[in-house]
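Read the structure below first, then the notes.
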Amino acid sequence: MQYGKVLDDARLAGLCVRLLGERPAAVLFRAGYLSEVAGVQLADGTAAVIKIRPAASRIAGCTAVQAHLARAGFPCPAPLAGPTAAGDDLMVTAEALIPGGSQLPAAHGAAPYAGLLAWCIRSAPEPAAVPSLAPAPPWTAWDHPGARLWPDTDDHGRDLNEVPGPAWVDDAAQRVRQRMNRYAAPRRIGHGDWESQNIRWSEGRPLAVHDWDSVIAQPETAIVGLASAVWPAAGAPDEAATVAQSEEFIACYQRAARRRWTEHEVEDAWAAGLWVRLFNAKKDAADGGGPQLDRLASEIGDRLTLAALADR
C-alpha cells in the first residue's frame, strides 16, 4: 500500500462519518509505513486516529487485545471503532489520539522498557480469550507454519526464500527455527514490535504504546527475546540493540516480572531475538546489502553462543 494514495481527504471524511458519526473539523497529521494513519479532530473536540491497512483476519484479535489493555489501565490508545472492511481488500479502525510525549533515549537503560513490557504481558488477556492472532508478523514469525525457511512474504510483500544467501543468515535462521519449534511453553500475549519509536514517554513515565497491529501470542521468553533485540530502535535504519543492551533487557525483565528464568529460558530468549535480527538482515540482503546486515555480521557469533546455537 503506497502512503498518501488511500486516505485522501474525501475518503478520510467518509470513514470518519462511518466510524465516528461525523466529518472531521480538522486533520491533525498524516503518516504511514505498513499502514496509513491520519489524526483528526471532530467538531465536539474529540481527537482520533483513523488507521487503514491491508485486510487481515488477525486485526480483530489485535484490536481486542488493545481494548482489553486500555480498559485495564495500560498506557495505550483505546479503540473507538472497527475493525471494519473498507473496500479494495482494506481494513480500517479508529482509536483515541494520545497527544504529546517523546521517545525515551536508550541512554536511560533497558529497565523502563523491560518493566513496561512486563506490565503489558501481565495485563494482557489469555490467547484463548480473543480472536486468533495468527499469522504473526513475519519479523516475529519463527513459528510460521510454512515448510520453507522464511515466511511466504515479508512486511513488504517479498518472498525472502527467493533471495540467495547469505549462507550464514539462512543457517542461523534454520537453527533458530529448529530450537524454538521444539519449545512447548504456554503462549502469552505481548507486543511484537517493541521499539523505542513505538513508545512515548512523559517525564520518565510511559504515556502511550502504539502499533497494536503487532500483537503476538508466543511464549513469554520469545516475546521478551524479540523485544530485547530491537528496543533502542528510534527510527533510523541502522538501529538495534547491542549484545550488551539485549543482555540488560533480558535481566531487567526478569526482575520486573519477579521470576528468575532457567538457563534454557534465557537461551530461548536469545534465540527468538536472533530471529528478528536475522529477518532484518535478510531483508537487507534482498536489497543488495544494508546496515542491519552489516551490524548483525559483527554480532552473530556472540548471539549464536548466547542462544546455545553455536557450533561446539
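For this chain, numbers begin at 1 and follow the sequence in order. Below, all heavy atoms of this structure are taken into account, side chains as well, without hydrogens, waters or symmetry copies. Remember, predicted model here, so these are calculated numbers, not experimental data.
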Notebook entry, point to check: Passes side-chain contact (heavy atoms from CB on, under 4.5 Å), Leu278 versus Trp139? Steps please.
Noted result: CA-CA 9 Å; Leu278 289 163; Trp139 61 89; over 6 Å; no

Note to self: Please determine whether side-chain hydrogen bond (donor to acceptor under 3.5 Å, both in side chains) holds for the pair Gln197 and Gln103, giving the CA-CA distance in whole Å, both sets of side-chain angles, and the decisive distance to 0.1 Å.
What the structure shows: CA-CA 7 Å; Gln197 63 180 323; Gln103 294 186 51; over 6 Å; no

Pairs of donor and acceptor atoms involving the side chains of residues 164-174, under 3.5 Å and at least two apart or interchain, shall be tabulated with distances.
from	atom 1	to	atom 2	distance (Å)
Asp170	OD1	Trp150	NE1	3.1
Asp170	OD1	Lys282	NZ	3.0
Asp170	OD2	Lys282	NZ	3.2
Asp171	OD2	Arg175	NE	2.9
Asp171	OD2	Arg175	NH2	3.1

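Taking the ring centroids of Trp231 and Tyr113, they lie under the 6.0 Å cut-off. Under the 6.0 Å cut-off for aromatic ring centres, Trp194 and Phe249 do not qualify, their centroids lying 6.0 Å or more apart.
Salt-bridge annotation for Asp268 and Arg182: absent, with no side-chain N of the basic residue lying under 4.0 Å from a carboxylate O of the acidic one. With salt bridges taken as basic N to acidic carboxylate O contacts below 4.0 Å, one links Asp213 and Lys51. Under 4.0 Å is where a charged nitrogen must lie from a carboxylate oxygen, and between Arg295 and Glu239 no such pair does. A salt bridge links Arg148 with Glu162; the closest basic N to acidic carboxylate O contact falls under 4.0 Å.
Counting only residues at least two apart or in different chains, ring pair (Phe, Tyr, Trp, His ring centres under 6.0 Å) contacts with residues 62-101 comprise Phe74-Trp119.
Residues meeting the side chain to side chain donor-acceptor pair (under 3.5 Å) test with Glu126, sequence neighbours left out: none. Remark: Arg259 engages Glu265 in a side chain to side chain donor-acceptor pair (under 3.5 Å) (not counting sequence neighbours). By the side chain to side chain donor-acceptor pair (under 3.5 Å) test, Asn161 pairs with Asp159, sequence neighbours left out. Every residue was checked against the ring pair (Phe, Tyr, Trp, His ring centres under 6.0 Å) condition with Trp270, not counting sequence neighbours, and none meets it.
Residues Ser246 and Ser228 share a closest heavy-atom pair of OG-O, 2.8 Å. The shortest heavy-atom contact between Glu299 and Arg303 is OE1-NE, 2.8 Å. Nearest heavy atom pair, residue Pro99 against residue Leu207, reads O-CD2, 3.5 Å. In terms of heavy atoms, Arg177 sits closest to Gly146 at NH2-O, 3.2 Å. Closest approach of Ile52 and Ala86 over heavy atoms only: CD1-CB, 4.0 Å. Of all the heavy atoms in Ala271 and Val176, the pair that sits closest is O-CG1, 3.4 Å.
Taking the six-membered ring for Trp and thresholds of 30 and 60 degrees, Trp212 and His191 have ring planes more than 60 degrees apart, a perpendicular arrangement.
Annotation: His264, atom NE2; neighbour count of heavy atoms from other residues, nucleotides and ligands within 6.0 Å does not exceed 12. More than 12 non-hydrogen atoms from other residues, nucleotides or ligands lie less than 6.0 angstrom from CG of Asp238.
Between the SG atom of Cys16 and the CG atom of Leu7 there is a distance of 9.0 Å, given to the nearest 0.5 Å.
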